[in-house]
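What follows is a short report on a single structure.
Keep in mind that what you see is a predicted model, and the values were worked out from it rather than measured. Below, read A as the first sequence line, B as the second, and so on, with proteins coming before strands; counting in each chain starts at 1.
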Amino acid sequence: MSAAPAEDVVRRWESEQQRLRLQLLDHDTESWQQNPDFSGLQRVGGVDLSFIKGDDVNACAQLVVLSFPDMELLYEDSRMVTLTAPYVAGFLAFRETPFLLEALQRLQENQPELLPQVVLVDGNGLFHDREFGLACHLGVLSGLPCVGVAKNLLQVQGVNKSQEHQSQIAALQKGGDSFPLTAASGKVLGKALRSSDKSVKPVYVSVGHKISLDTAVRLTHACCRYRVPEPIRQADCRSREYLRQHFPAADA
DNA sequence: GCGACAG
DNA sequence: ATCTTGTCGC
């Protein structure tokens, strides 16, 4: 039972995306981003929201900070939140960003020395209909470098699951291999990345804020033990674990 | 009616 | 996001 989103709300959201997009930086702004081995990078953040099965309003908002390059847990924050905005394709940020921002602000106030130097976000950045997905939204509002990593291909601006796309995937030989996701305009909006030797299905990486696409892809690969980069995977696992502990299933 | 639809 | 077990392979 999901009601169609009111169109005036969607129009407001579109103009908000357009306004915030003016502040987006799609190039490397940090010194560690230039180094071949990312020396100077010590903390990578990951964020996610997990839901209880029958409930799309109450969720666990999760922030983790991992060490780089070892991917060891430095900080963890799980918080039950009540969502207000519905999920509308293309407007995920309006549903999730407020709670991810709050988590970052709590960290800023309590242990600013643990603030991540870059955040990996579950979802798209510039690879988006209006080139302003969740990772861009969180990046601009937090001021932190952000990378969008989506587990599924969003079909935007002429990019789709064509035979050509499938064969490009088949041509990815090893972890770290990638190919560009090019819009009808010719602009490269993101890259499909084979994140590890073992996984065949790629992840879709795009710029969120304060990082270039090539650096974003390189960093994502450096954070992968499994298909999903460790900061996002940890945020996902730990928020689900939190729900299991605090809201045990009725049949368990 | 059918396919798409980040999470 | 969530609905969901076993199975094949290293």
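- Note on A/N152: a side-chain N or O is less than 4.0 Å away from OP1 or OP2 of B/dG7.
- Using a 4.0 Å cut-off between a side-chain N of Lys or Arg and a carboxylate O of Asp or Glu, A/D236 and A/R233 do not qualify as a salt bridge.
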Under 3.5 Å donor-acceptor pairs involving side-chain atoms of residues 68-76 of chain A, not counting sequence neighbours:
residue, atom, partner, partner atom, Å
A/E76, OE1, A/R238, NH1, 3.4

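- Distance CZ (A/F99) to C1' (B/dG7): 14 Å, rounded to an integer number of Å.
- Using a cut-off of 4.0 Å between Lys/Arg side-chain N and Asp/Glu carboxylate O, A/E131 and A/K187 are scored as salt-bridged.
- Of the candidates A/S78, A/S239, A/S50, A/Q62 forms a side-chain hydrogen bond (donor to acceptor under 3.5 Å, both in side chains) with just one, namely A/S78.
- Of the residues in residues 82-90 of chain A, those placing a heavy atom less than 4.0 Å from an atom of DNA chain B are A/Y87, A/G90, in numerical order.
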**OP:** Map every base of DNA chain C to its dot-bracket character, where paired means a Watson-Crick or G-U wobble contact with both distances under 3.5 Å and | marks a partner outside the strand.
**Re:** ..........

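- For DNA chain C, the outermost nucleotides in 5' to 3' order that have an atom under 4.0 Å from a heavy atom of chain A are C/dA1 to C/dC3.
- Counting non-hydrogen atoms of neighbouring residues, nucleotides and ligands closer than 6.0 angstrom, the CD atom of A/Q18 reaches no more than 12 such neighbours.
- Using a 4.0 Å cut-off between charged side-chain N and carboxylate O, A/K191 and A/D214 make a salt bridge.
- Judged as a ring-ring contact (aromatic ring centres under 6.0 Å, His included), and not counting sequence neighbours, A/H128 has no contacts.
- The distance from atom CD of A/E16 to atom CD of A/E14, rounded to the nearest 0.5 Å, is 12.0 Å.
- Interatomic distance, A/R130 CZ to A/S15 OG, rounded to the nearest 0.5 Å: 10.5 Å.
- Among residues two or more places apart in sequence or in another chain, the ring-ring contact (aromatic ring centres under 6.0 Å, His included) test is passed with A/H246 by A/Y242.
- Interface residues of residues 154-166 of chain A facing DNA chain B, ordered by number: A/L154, A/Q155; criterion, heavy-atom separation under 4.0 Å.
- Shown for residues 223-245 of chain A: no residue has heavy atoms falling under 4.0 angstrom of DNA chain B.
- Here the options are A/L101, A/L100, A/V119, the test is side-chain contact (heavy atoms from CB on, under 4.5 Å), and the partner is A/S142; only A/L101 passes.
- Rounded to whole Å, the distance from NZ on A/K151 to C1' on B/dG7 is 7 Å.
- Within the model, atoms CD of A/Q155 and CG of A/N160 stand 5.5 Å from one another, a figure rounded to the nearest 0.5 Å.
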Subject >> Step-by-step side chain to side chain contact (heavy atoms under 4.5 Å, CB included) determination, A/R21 to A/L126 >> reply: CA-CA 10 Å; A/R21 193 169 134 56; A/L126 281 180; 3.9 Å; yes

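- A 6.0 Å sphere centred on CD of A/E113 holds more than 12 heavy atoms belonging to other residues, nucleotides or ligands.
- Taking atom C1' in both B/dC5 and C/dT2, one finds a spacing of 15 Å when rounded to whole Å.
- Within a heavy-atom distance below 4.0 Å of DNA chain B, the residues of residues 120-130 of chain A found are A/D122, A/G123, A/N124, A/H128.
- With sequence neighbours excluded, the residues forming a side-chain contact (heavy atoms from CB on, under 4.5 Å) with A/N152 are A/K201, listed by chain and number.
- Between A/K151 and A/D122 there is a salt bridge, with a side-chain nitrogen of the basic residue lying less than 4.0 Å from a carboxylate oxygen of the acidic one.
- In the model, A/E109 has no side-chain atom that pairs as donor or acceptor with a side-chain atom of A/Q105 under 3.5 Å.
- As judged by a 4.0 angstrom heavy-atom cut-off over every strand, A/F94 is placed among residues making no nucleic acid contact.
- No more than 12 heavy atoms of other residues, nucleotides or ligands shown are found within 6.0 angstrom of CD on A/E7.
- Through direct or indirect side-chain contacts shorter than 4.5 Å among Ile, Leu, Val, Met, Phe, Trp and Tyr, A/V9 is connected to A/V10, A/W13, A/V88, A/F91, A/F94.
- For the pair A/L49 CG and B/dA6 C1', the computed distance is 13 Å after rounding to whole Å.
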**OP:** Dot-bracket for DNA chain B, please, read 5' to 3', with Watson-Crick or G-U wobble pairs under 3.5 Å on both distances, ( ) within the strand, [ ] crossing, | other strand, . unpaired.
**Re:** .......

**OP:** Give the intermediate values and the outcome of side chain to side chain contact (heavy atoms under 4.5 Å, CB included) for residues A/F127 and A/Q157.
**Re:** CA-CA 9 Å; A/F127 187 62; A/Q157 299 191 30; over 6 Å; no

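- Cluster membership for A/I232 and A/L114, using ILVMFWY side-chain heavy atoms within less than 4.5 angstrom, is shared.
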